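Notes follow once the structure below has been shown.
For clarity, every value in this text was computed on a predicted model and none was experimentally measured. Values below: all heavy atoms of this structure, side chains included; hydrogens, waters and symmetry mates excluded.
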Amino acid sequence: MGRLIGRDPALLRRINSTVVLRALRGCEEPAGRSLTDLVQATELSRPTVEGVVEQLLAAGLVAEAEEEPSAGNARRGRPARRFRFRAEAGHLLGIDLGARRVSAVLSDLTGRRLGTASRPIDGTDEAEVRLERAHDAVAELLRTTDVARSTLRAVGVATPGIVRDNGTVTLGAALPGWTGLPLGERLRRSFGCTVLVENDANAGVLAERWLGAAQDADDVVMVLAGLSPGAGSLIGGRLHRGFGGAAGEIGALHLLGREATPEHLLSTTGEPLHPLDEAAVAHVFGLAREGDARAGAAVERFIQRLVHDVAALVLALDPELVVVGGWASGLDDVLEPLHVELGRYCLRTPRVALSELGGTAVATGALRLALDHVEGELFTVEGALE
């Protein structure tokens, strides 16, 4: 590294800039940090810190902090200049392209939420309608928060289905016209910034690790429990996507010779439920809680299938924690049976918890994708070396 730095002054300046910016971003004091504080925090020379700060001021990433009024007698002499990271210098967007609704969340460069917006959508709507609703939700969000689209630094997008690294949906059977959709490319043209596309369950587990039920765990499985369940997994704190992005697609396990699909298992009429009809699923669970015998039997069948699906992942990955989200995140009925049954099938029973983020988990995870990208650009030496 030393020889590389010595031969590349531009790279040295970039690394120094990253170090100073991290020190400023990590400061929680409203008054910011003085040059002396920054010299001590970064172990760089004062002339180097002064030069870097001036560059960051010019780039709009740093601002002089306003001096707080002092109590008592006025101080003599000119106070030391203090500086702060400008979290408002750019914005991040997280979008959840769900089956029945499109949701968006906006934040500053620290991940602090500024607002949310959503649009309902019909599960039978084609891809173009779904994308139009997403644009409508984003437009409303930017308008209500008075944020210019040009300030977006990165957009994270979460979607059902298997997603390639370039943002193309290779398989999206739950949504009409979704398979083969170049989603990342389409949205990059609209936003004019980096767009990162990820599976919805993968986004959900990132959100729970960031702000939800999994903040104290590095090996986590999050299940979006529905008629076509999916799961996202963290191994050692890192997202496990699999070679082709298909890890965690436990909704396909019914293809292994089982006689009934999940849509039939949770039916109380003999007619299969629609895979995207969350309201119908919640209705069956509600009837079961009220003592309806047919609904109770349907819920029991469904929980048994869900247990088998989750047990397959638990046996393979041995997670510390299983988080249950999706429409089931508000249904306490699922939690205890799942924990008991996992104890029967698994060699070591993991902790089981309901999602703490509920219906906002997927959009929050999409936002985390955007935040990770920007942090990699601004606050890591690795980003400086790219």
Query raised in the report: What's the verdict on salt bridge (charged side-chain N to carboxylate O under 4.0 Å, His left out) for R368 and E375, showing C-alpha distance, side-chain angles and the deciding distance?
Result: CA-CA 10 Å; R368 181 71 242 187; E375 286 181 342; 2.9 Å; yes

Report task. Please test S17 against Q55 for side-chain hydrogen bond (donor to acceptor under 3.5 Å, both in side chains), starting from the C-alpha separation and ending with a verdict. Result -> CA-CA 8 Å; S17 174; Q55 293 170 7; 5.4 Å; no

Would you say the side chain of [Y] lies within less than 4.5 Å of the side chain of [X], judging by non-hydrogen atoms?
X	Y	value
V299	I303	yes
V223	L313	no
H135	S190	yes
I121	R133	yes
T168	V163	no
F83	R33	no
V314	V322	yes
V284	T268	yes

With sequence neighbours excluded, what pairs up with [X] under the side chain to side chain donor-acceptor pair (under 3.5 Å) test?
X	answer
D292	none
E300	Q304
S118	none

Donor-acceptor check, side chain of [X] to backbone of [Y], threshold 3.5 angstrom: yes or no?
X	Y	value
R25	R84	no
R186	L181	no
R351	L321	no

Considering all heavy atoms of both residues, which atom of [X] and which atom of [Y] are nearest to each other, and what is their separation?
X	Y	result
T179	G172	OG1-N, 2.9 Å
L57	A63	CD2-CA, 3.8 Å
V307	P337	CG2-O, 4.4 Å
G212	L357	CA-CG, 4.1 Å
A361	E208	CB-OE2, 3.9 Å
A203	A158	CB-CB, 3.7 Å

With rounding to the nearest 0.5 angstrom, report the [atom1] to [atom2] distance, [X] to [Y].
X	Y	atom1	atom2	result
I95	L369	CD1	CG	11.5 Å
N166	L183	CG	CG	10.5 Å
L44	L38	CG	CG	9.5 Å
L175	L97	CG	CG	8.5 Å
R82	T36	CZ	OG1	9.0 Å
D372	L239	CG	CG	10.0 Å

Requested in this report: Quick one: list whatever passes salt bridge (charged side-chain N to carboxylate O under 4.0 Å, His left out) with E341, sequence neighbours left out.
Outcome: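 Partners of E341 by the salt bridge (charged side-chain N to carboxylate O under 4.0 Å, His left out) criterion, ordered by chain and then number, come out as R344.
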
Less than 4.0 angstrom from a charged side-chain N to a carboxylate O is my criterion; do [X] and [Y] meet it?
X	Y	result
R305	D309	no
R113	D108	no
R130	E126	no
R241	D165	yes

Going by side-chain contact (heavy atoms from CB on, under 4.5 Å), name the residues that satisfy it together with [X], two or more places apart in sequence or in a different chain.
X	result
V374	L92, L109, R153, A154, L378
N199	A201, N202, E249
S150	A148
T170	I162, R164

Query raised in the report: Going hydrophobic residue to hydrophobic residue with side-chain gaps under 4.5 angstrom, can you get from L196 over to V362?
Result: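 No, it is not one cluster - the side chains of L196 and V362 are not joined through contacts under 4.5 Å.
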
Query raised in the report: With a 3.5 Å cut-off and no angle check, do the side chains of R22 and T18 form a donor-acceptor pair?
Result: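 Judged by distance alone, the side chains do not pair up.
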
Report task. Please determine, by modelled atom types, if H240 and S233 share a side-chain donor-acceptor pair under 3.5 angstrom. Result ->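 Distance-only check fails for H240 and S233.
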
**Report entry** R238 CZ: over 12 foreign heavy atoms closer than 6.0 Å
**Finding:**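 For R238, atom CZ is not crowded (no more than 12 foreign heavy atoms under 6.0 Å).
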
Requested in this report: For side-chain hydrogen bond (donor to acceptor under 3.5 Å, both in side chains), just list the numbers for R188 and T194, CA-CA rounded to whole Å, side-chain angles, deciding distance to a tenth of an Å, and then say yes or no.
Outcome: CA-CA 7 Å; R188 288 183 198 105; T194 298; over 6 Å; no

Query raised in the report: So which pairs with a foot in residues 56-65 pass salt bridge (Lys or Arg N to Asp or Glu O under 4.0 Å), sequence neighbours left out?
Result: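 Qualifying pairs: E64-R81.
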
Query raised in the report: Please, which pairs that meet side chain to side chain donor-acceptor pair (under 3.5 Å) have at least one residue in residues 210-220, sequence neighbours excluded?
Result: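 Every side chain to side chain donor-acceptor pair (under 3.5 Å) pair that includes a residue of residues 210-220, provided the two are not neighbours, is R209-D218.
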
Requested in this report: Any pair with a residue in residues 136-146 that passes side chain to side chain donor-acceptor pair (under 3.5 Å), sequence neighbours left out, goes on the list, sorted by first then second residue, please.
Outcome: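 Listed once each, the pairs are R119-E140.
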
Report task. Mind checking ring-ring contact (aromatic ring centres under 6.0 Å, His included) for F85 and listing every partner two or more places apart, or none if nothing turns up? Result ->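 If we apply the ring-ring contact (aromatic ring centres under 6.0 Å, His included) test to F85, skipping adjacent residues, the hits are F379.
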
Requested in this report: Applying side chain to side chain contact (heavy atoms under 4.5 Å, CB included), run through V324 and V352 and close with a yes or a no.
Outcome: CA-CA 8 Å; V324 180; V352 181; 4.3 Å; yes

Requested in this report: List the steps, then state whether side chain to side chain contact (heavy atoms under 4.5 Å, CB included) holds for L93 with L141.
Outcome: CA-CA 10 Å; L93 192 64; L141 181 55; 3.8 Å; yes

